[in-house]
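Below is one structure, written out as structure tokens; the observations come after it.
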Amino acid sequence: MSINQSHAIVFRFPKTALGFGILIWLGLYQTLTPLSEWLVALLPINRASHFGGAVQFFCYETPKVLLLLTGVVFIMGIVNSYFTPERTRALLAGRMNIIANGMAAGLGVVTPFCSCSAIPLFIGFLQAGVPLGVTFSFLIAAPMVNEIALVLLFGLFGWQVAALYLTLGLTLAIVAGWLIGRLHMERYLEDWVRAMQTITVSIETTRVPFIHRLQMGAKAVNDIVGKVWRYVVIGILLGALIHGYVPADLMASFLGEEIWWAVPVAVLIGIPMYTNAAGVIPIVQALLAKGAALGSVLAFMMSVIALSLPEMLILRKVLKPPLIITFIAIVGCGIIAIGYIFNALL
């Protein structure tokens, strides 16, 4: 069958093509373990050595994470075709109660924005008349509780961890946004932001053919995976080095469950760093394998993707220091609380 014939079939039967694509993806996922073991067996290394352990980790986790990433980005690209920035702004404009915070946080989960790329939309929300606290619920949830983090957590640690992370992350986004809204800190927006004229937005009603939504999913894979795969490989490489060479006793003594200060220290370490969920989760997995407590490493991960230094520098163009400090304090305390909850429950 030629490429042109394949394209014609996809255009005629897009939902059937999607079903076959899912079956192929599942088949590839099932081959990851035997394929990685076969590949490592071919290499002239001692599998029991530190280097051998690092190579095994890298050979298994790299295709696994990239396959998970490709699958979830494609599916969420289709979902995101229903939530354009204009539609998102229109849904939130004029809403002021905690339900609006919940809507904003929920939309943050299904929109493909990292902490830095979410900031232009944050400004657009303010321009569309979305209340400040509601915009913060979106800004917190979009990078921290995004679909990539959830699917990778599910694939690596199970549904219990993913579900608890989703519940606590959404709660943090909703409560933090609500608190910021109750503080009435609009005066700490930069003058040029407050001077923006409020625009009127409306919900688009144009019907989009399903094949176009599939194309948007493919475009999302090209755009997002094409940009972040390097971070993924670097993250897995660091995770492999941790897995192979860092003594388990060191991690247990530094980020162990019995160390009361491990969670806040993990948050402080994470803030100066910057990566995305796909890049940091392999590091989280390696730290856990070395004896670090789940709550401590998840607090580290959340601080990296929700309170990163690059994000704060960009926010400084929009927010005055008192509001940035308030944002960091509320979200930071929430992340610390979530870390302790994870350590207590799992």
Does Phe58 form a side-chain contact (heavy atoms from CB on, under 4.5 Å) with Leu237? I'd like the steps, not just the answer. CA-CA 6 Å; Phe58 185 83; Leu237 180 59; 4.3 Å; yes

Just how far is it from atom CD of Gln160 to atom CG of Leu153, taken to the nearest 0.5 Å? 12.5 Å

Closest contact, heavy atoms only, Ala173 versus Ala141: CB-CB, 3.8 Å

Nearest 0.5 Å, please: how far is CZ in Phe51 from CG in Leu43? 8.0 Å

Which residue pairs pass the side-chain hydrogen bond (donor to acceptor under 3.5 Å, both in side chains) test when at least one of the two sits in residues 131-141, sequence neighbours left out? Asn101-Ser137

Tell me whether Leu18 shares a hydrophobic cluster with Leu23, the cluster being built from Ile, Leu, Val, Met, Phe, Trp, Tyr side chains joined at under 4.5 Å. no

For residues 320-344, which residue pairs qualify under salt bridge (charged side-chain N to carboxylate O under 4.0 Å, His left out), counting only residues two or more places apart or in two chains? Asp191-Lys320

Which residues share a ring-ring contact (aromatic ring centres under 6.0 Å, His included) with Tyr29, sequence neighbours left out: Trp25

Let me check something: any side-chain donor-acceptor pairs from residues 325-335 under 3.5 Å, sequence neighbours excluded? List them with distances.
{"residue": "Thr326", "atom": "OG1", "partner": "Pro322", "partner atom": "O", "Å": "2.7"}

Distance in Å, Leu288 CG paired with Leu298 CG, rounded so as to fall on 0.5 Å steps: 7.0 Å

Quick check: closest heavy atoms across Tyr165 and Met144, and the distance to 0.1 Å? OH-O, 2.5 Å

Calculate, to the nearest 0.5 Å, the distance between atoms CG and CD1 belonging to Leu307 and Ile140 respectively. 8.5 Å

Smallest heavy-atom separation, Val161 atom then Phe342 atom, equals O-CZ, 4.0 Å

Could you state the interatomic distance from OG1 (Thr171) to CD1 (Ile338), rounded to the nearest 0.5 Å? 7.5 Å

If I compare all heavy atoms of Phe74 with all of Leu214, which pair ends up nearest, and what's the gap? CE1-O, 3.6 Å

Would you say Ile324 ends up clustered with Leu268 if hydrophobic residues are merged whenever their side chains have heavy atoms under 4.5 Å apart, either directly or through other cluster members? no

Might you confirm whether atom CG of Leu39 has over 12 heavy atoms from other residues, nucleotides or ligands at distances under 6.0 Å? yes

May I ask you to decide if Phe300's main-chain N or O and Ser303's side chain share a donor-acceptor pair within less than 3.5 Å? yes

Should Leu323 and Ile180 count as side-chain neighbours, where that means a heavy-atom distance under 4.5 Å? yes

Side-chain donor or acceptor of Thr70 paired with backbone N/O of Leu67 under 3.5 Å: no

With clusters defined by side-chain heavy atoms of hydrophobic residues (ILVMFWY) lying less than 4.5 Å apart, directly or transitively, does Leu294 cluster with Trp260? yes

Mind running side-chain contact (heavy atoms from CB on, under 4.5 Å) on Phe136 and Leu319 for me, showing each step along the way? CA-CA 12 Å; Phe136 269 109; Leu319 313 177; 3.6 Å; yes

Pairs where residues 143-162 contributes a residue and the test ring-ring contact (aromatic ring centres under 6.0 Å, His included) is met, not counting sequence neighbours: none

Before giving the answer on side-chain contact (heavy atoms from CB on, under 4.5 Å), spell out for Cys59 and Val55 the whole-Å C-alpha distance, their side-chain angles and the decisive distance to 0.1 Å. CA-CA 6 Å; Cys59 289; Val55 170; 3.9 Å; yes

Heavy-atom closest pair (Ile336 atom, Val263 atom, distance to 0.1 Å) is O-CG1, 3.5 Å

Can you see which heavy atom on Arg187 is nearest to which on His184, and at what distance? NH1-O, 3.1 Å

So CG of Leu179 and CE of Met185: to nearest 0.5 Å the spacing works out to 11.5 Å

Between Ile22 and Phe20, is there shared hydrophobic-cluster membership here, with clusters defined by ILVMFWY side-chain heavy atoms closer than 4.5 Å? no

Tell me, please, which residues at least two apart from Glu190 pass side-chain hydrogen bond (donor to acceptor under 3.5 Å, both in side chains). Arg316

